[in-house]
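Just so it is clear, the model here is predicted, and its values are computed rather than measured. Numbered from 1 within each chain, the chains take letters A, B, ... in sequence-line order.
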2 protein chains.
Amino acid sequence: MSDEDRPDARTRALDAAEGLFAAKGFDSVTLRDISSSIGLTHAALYYHFPGGKEELFALVMERNIRRHGAGLSAAIDEGGPSLRGKLRGAASWFISQPPMNLNRMAQSDLAAFEPAVARRLMDLVYELILRRIQIVLAAARDSGEVGPCDPGLLAGGLLGLIESLHSVPVHIVKRDLCAMGFELIDVVLKGIDYKETGYAGS
Amino acid sequence: MSDEDRPDARTRALDAAEGLFAAKGFDSVTLRDISSSIGLTHAALYYHFPGGKEELFALVMERNIRRHGAGLSAAIDEGGPSLRGKLRGAASWFISQPPMNLNRMAQSDLAAFEPAVARRLMDLVYELILRRIQIVLAAARDSGEVGPCDPGLLAGGLLGLIESLHSVPVHIVKRDLCAMGFELIDVVLKGIDYKETGYAGS
DNA sequence: GTCTATATAAAGATAGAC
DNA sequence: GTCTATCTTTATATAGAC
C-alpha cells in the first residue's frame, strides 16, 4: 500500500469543506477552519480556489449534490422492482449520509450568492434528486401499483420526512435510524391505519 | 386610533430580529441589520439586551417557540374531534407561519451557545411543539381511531413533512400551500393507495 | 504549492455625551 | 434611550518570498 492513496490537497480541501459547510453552513465556517483542518494556512486555499470562499462553497455543493444523485440512483435501483423497495433504498441512502440541509442552503447559504449560481445549484437538486424520486412515484402511480397522487408534492415531502430523521434528538432514538425511516415509508404507503407493520406499540 | 399601538423599541427589536434570524440564521444576521431595520444604531440594542447578540437570539427563539406552541395548540383544538381535523389544524398553523428551521437552529445556530441555553431551547421545542402533536397521535391510537404507530416518530416526521412545504420552489407551487399540506396529511392517514381524496391526477 | 505578512472590511462590544 | 466614537477581534483577500 503506497502512500499514493492520499488525495491531493485540493481534494482534501473539498472534503474538509464539505463536512464543515454541511454541519454549520456557509457563514459559520471560515477559510481558516477549513485550511487548518488539513494542515494548511488559509492563504493556500486561494491557490486552489482563486474565487475564494464562494467558489469553494459552490464547488463543494455541486460535488455534494452529484454524489447524492448518484448514490440515490444506485440505492433506488438496488431496492428491487417494488415501490416499497425503491423508497426504502432511497431512505437508506439519505440516512447513511450527513444531512443535506437543503432548506438552509436554499434560504440562507445561497441568499448572498449571484442569482445565476444559486439558481444553478437549486436546479441541480431538482434534476438529480427530487426528480429521481418523483419519477419512481409517477411510474408506480401510472402502473397502478399505487393510487392517484401528486408525485412532485410527494417527492419533496418524502425528502423532508426522511431528512428530518437527522434531527431526532439522541435520547429519542430508541431504534436504528434506518428502521425508523422504513416505518415512515410504510406510513406513506399504507397510512397509519396500516396494521401489518412490524411495529409493536409504544 | 392613538399612536399608542406602536410597540416600544424593545419589542420592535425583537420583532425585527425574529424575522431576520428566521430567514438567515444566527451568524448571517448582524446587530446592525436588526437595529437599522427599526431606525436605531446597533449600540442602542445593548441598552435593551445587555447580553448582546446571544441574549437577543435566545430571547427571540424562546418567544418564537412559545408563540408556535400557543398557535399550534389553538389550531389543533379548532380542528374538531377527529385526528384528521386536528392534524389539518396543525398543518394550517405551520403553513401560515414563517418556517421554524428547527434543523438549522439545532445544528448550526445553537452550536456555539452555552450548552445550558441550547438545551433549554431544544427542550422547549419538544415540550411545547413536538409533544403536543405526539399527544394527539397517541390519543387517536389509544382510542382505536388509527392503528398501532409510534407517535414520537410520527410527530417529528409530520413536522418535517409540513415544514418542507416552505421550501417548495415557487414555480412548483401549482396550488395553495395549505391544500398541499392537507393532501400530505391524508397520505399519512390513509397512504398513497388512498382513492377517496379530492386529488384528480397530475 | 505553501508560507509569512499585510491590507481591508466588517462585526461585536463598550464608553461617554446628550 | 439613543447617539457618536472607538476598541478589539476576526474574516476575506492579496502580495511576494521560498
Quiz item: Glu78(B): what forms a side chain to side chain donor-acceptor pair (under 3.5 Å) with it, not counting sequence neighbours?
Solution: none

Quiz item: So which pairs with a foot in residues 17-27 of chain B pass salt bridge (charged side-chain N to carboxylate O under 4.0 Å, His left out), sequence neighbours left out?
Solution: Glu18(B)-Arg63(B), Glu18(B)-Arg67(B)

Exercise. Please list all pairs passing the salt bridge (charged side-chain N to carboxylate O under 4.0 Å, His left out) test where one or both residues lie in residues 105-114 of chain B, with sequence neighbours left out.
Key: Arg104(B)-Asp109(B)

Quiz item: Is there any salt bridge (charged side-chain N to carboxylate O under 4.0 Å, His left out) pair reaching into residues 88-101 of chain A, and which pairs are they, with sequence neighbours excluded?
Solution: Arg88(A)-Asp186(A)

Quiz item: So which of residues 47-60 of chain B are in contact with DNA chain D, with a heavy-atom cut-off of under 4.0 Å?
Solution: Tyr47(B), His48(B)

Exercise. Within residues 18-28 of chain A, find the residues that approach DNA chain D with a heavy atom at under 4.0 Å, and present them sorted by residue number.
Key: none

Quiz item: With sequence neighbours left out, what residues match Thr41(B) under side chain to side chain donor-acceptor pair (under 3.5 Å)?
Solution: none

Quiz item: By a strict heavy-atom criterion of less than 4.0 Å, which residues belonging to residues 29-41 of chain A are in contact with DNA chain C?
Solution: Gly39(A), Leu40(A), Thr41(A)

Quiz prompt | Heavy-atom neighbours of Arg12(B) CZ exceed 12 at 6.0 Å | solution = yes

Quiz item: Going by heavy atoms closer than 4.0 Å, what residues in residues 105-112 of chain B are next to DNA chain D?
Solution: none

Quiz item: Going 5' to 3' on DNA chain D, which nucleotide is the first and which the last to come under 4.0 Å of a heavy atom in chain A?
Solution: dA11(D) to dT14(D)

Practice problem: If a pair satisfies salt bridge (charged side-chain N to carboxylate O under 4.0 Å, His left out) and one of its residues is in residues 42-62 of chain B, list it, with sequence neighbours excluded. | Solution: Glu62(B)-Arg66(B), Glu62(B)-Arg120(B)

Quiz item: Could you give all pairs that pass the ring pair (Phe, Tyr, Trp, His ring centres under 6.0 Å) test and reach residues 85-130 of chain A, with sequence neighbours left out?
Solution: Phe26(A)-Phe113(A), Phe57(A)-Phe113(A), His68(A)-Trp93(A), His68(A)-Phe94(A)

Self-check item: Under-4.0 Å side-chain N/O to phosphate OP1/OP2 contact, Tyr46(B) with dT14(C)
Solution: no

